[in-house]
Amino acid sequence: NAGVTQTPKFQVLKTGQSMTLQCAQDMNHEYMSWYRQDPGMGLRLIHYSVGAGITDQGEVPNGYNVSRSTTEDFPLRLLSAAPSQTSVYFCASRLEGNTEAFFGQGTRLTVV
Amino acid sequence: GENVEQHPSTLSVQEGDSAVIKCTYSDSASNYFPWYKQELGKRPQLIIDIRSNVGEKKDQRIAVTLNKTAKHFSLHITETQPEDSAVYFCAASPFSGGYNKLIFGAGTRLAVHP
């Protein structure tokens, strides 16, 4: 039982490049979400999903896309990376009926 | 939308002292308030949480209190130890988002000195 796994751990992108941050969980959790963490700003919700095929926007969705084709995976896509998207990204999952969110180990993204 | 303010941003205590971190929220309909601890370079981990129908919850050396009228909640750590040193985040969950929309405070960096 690996929990929530994010790949890659580190990534450097050039402005305008696209990439996908991967998130997978093996706990059969219905709910998954993406946060970004910036110094002095805590964690901010980007997108979340309540189950396969269902996604919704969080506080800061612009510049990011998500999809949820399976219960296990919730990838985050950056369509055209900008320096403002330099951040640490965390994926989290939660079991229905339970309030605790379990976080992945994070992806540190730098856009130059 | 919901907004969560957290104070102080840094806190330094001596080992054995108590530490208190306070948060205020704006959405009176928020109904769930977790606290997360994040050690340097690690993922956030839940340490304690409270729902809006409870005023206080305790788990060994940590406790959380909630004042719904004033819209604030606090984390209390007693008999602090060096391993309590970390960044602590409070969060609130607006009723409209269920438990999926956690709005976080900016964090408090706690340093416990031996």
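The structure displayed is predicted, hence computed values, not measured ones. Letters A, B, ... are given to chains in the order of the sequence lines, protein chains preceding strands, and every chain is numbered from 1.
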Below 4.5 Å from any heavy atom of chain B, which atoms of A/A101 appear? Answer side chain, backbone, both or neither.
-> both
Any chance CD of B/E83 has more than 12 other-residue heavy atoms, nucleotides or ligands included, within less than 6.0 Å?
-> yes
Any chain of hydrophobic side-chain contacts (each under 4.5 Å) joining A/I46 to A/L43?
-> no
Answer with yes or no whether the hydrophobic clustering places B/I50 together with B/I62; edges join I, L, V, M, F, W, Y residues whose side-chain heavy atoms lie under 4.5 Å apart.
-> yes
Could you grab the distance from atom CZ of B/R43 to atom CZ of A/F90, nearest 0.5 Å is fine?
-> 8.5 Å
Check each atom of B/Q45 against the heavy atoms of chain A and say whether the ones under 4.5 Å are side chain, backbone, both or neither.
-> neither
Has B/E79 got more than 12 heavy atoms of other residues, nucleotides or ligands less than 6.0 Å from its CD?
-> no
For B/P34, is it the side chain, the backbone, both or neither that has a heavy atom under 4.5 Å from a heavy atom of chain A?
-> neither
With a 4.5 Å cut-off on heavy-atom pairs, point out which of A/R108, A/Q37, A/M32 contacts chain B the most.
-> A/Q37
With side-chain contact (heavy atoms from CB on, under 4.5 Å) as the test, would you mind laying out the steps for B/L102 and A/Y35 before giving the verdict?
-> CA-CA 10 Å; B/L102 289 179; A/Y35 292 85; 3.3 Å; yes
If Ile, Leu, Val, Met, Phe, Trp and Tyr residues are connected whenever their side-chain heavy atoms lie under 4.5 Å apart, and connections chain through other members, are A/L21 and A/V4 in the same group?
-> no
Can you tell which part of A/V50 gets under 4.5 Å to a heavy atom of chain B, answering side chain, backbone, both or neither?
-> side chain
Atom CD of A/E100 and atom CG of B/D49: how far apart are they, to the nearest 0.5 Å?
-> 7.5 Å
When hydrophobic residues are tied together by side-chain contacts of less than 4.5 Å, even through go-betweens, does B/L11 share a cluster with B/I77?
-> yes
Is it the side chain or the backbone of A/Q6 that comes within 4.5 Å of chain B heavy atoms, both, or neither?
-> neither
Most chain B-contacting option - heavy-atom pairs closer than 4.5 Å, from A/G42, A/G40, A/S33, A/S49 | A/G42
Selection from A/G104, A/P39, A/G106, A/A92 maximising heavy-atom pairs under 4.5 Å formed with chain B = A/G104
Single-linkage hydrophobic cluster, 4.5 Å side-chain cutoff, A/Y31 and B/L46 together = yes
Give, for atom CG of A/L45 and atom CD of B/E2, the distance between the pair rounded to the nearest 0.5 Å.
-> 13.0 Å
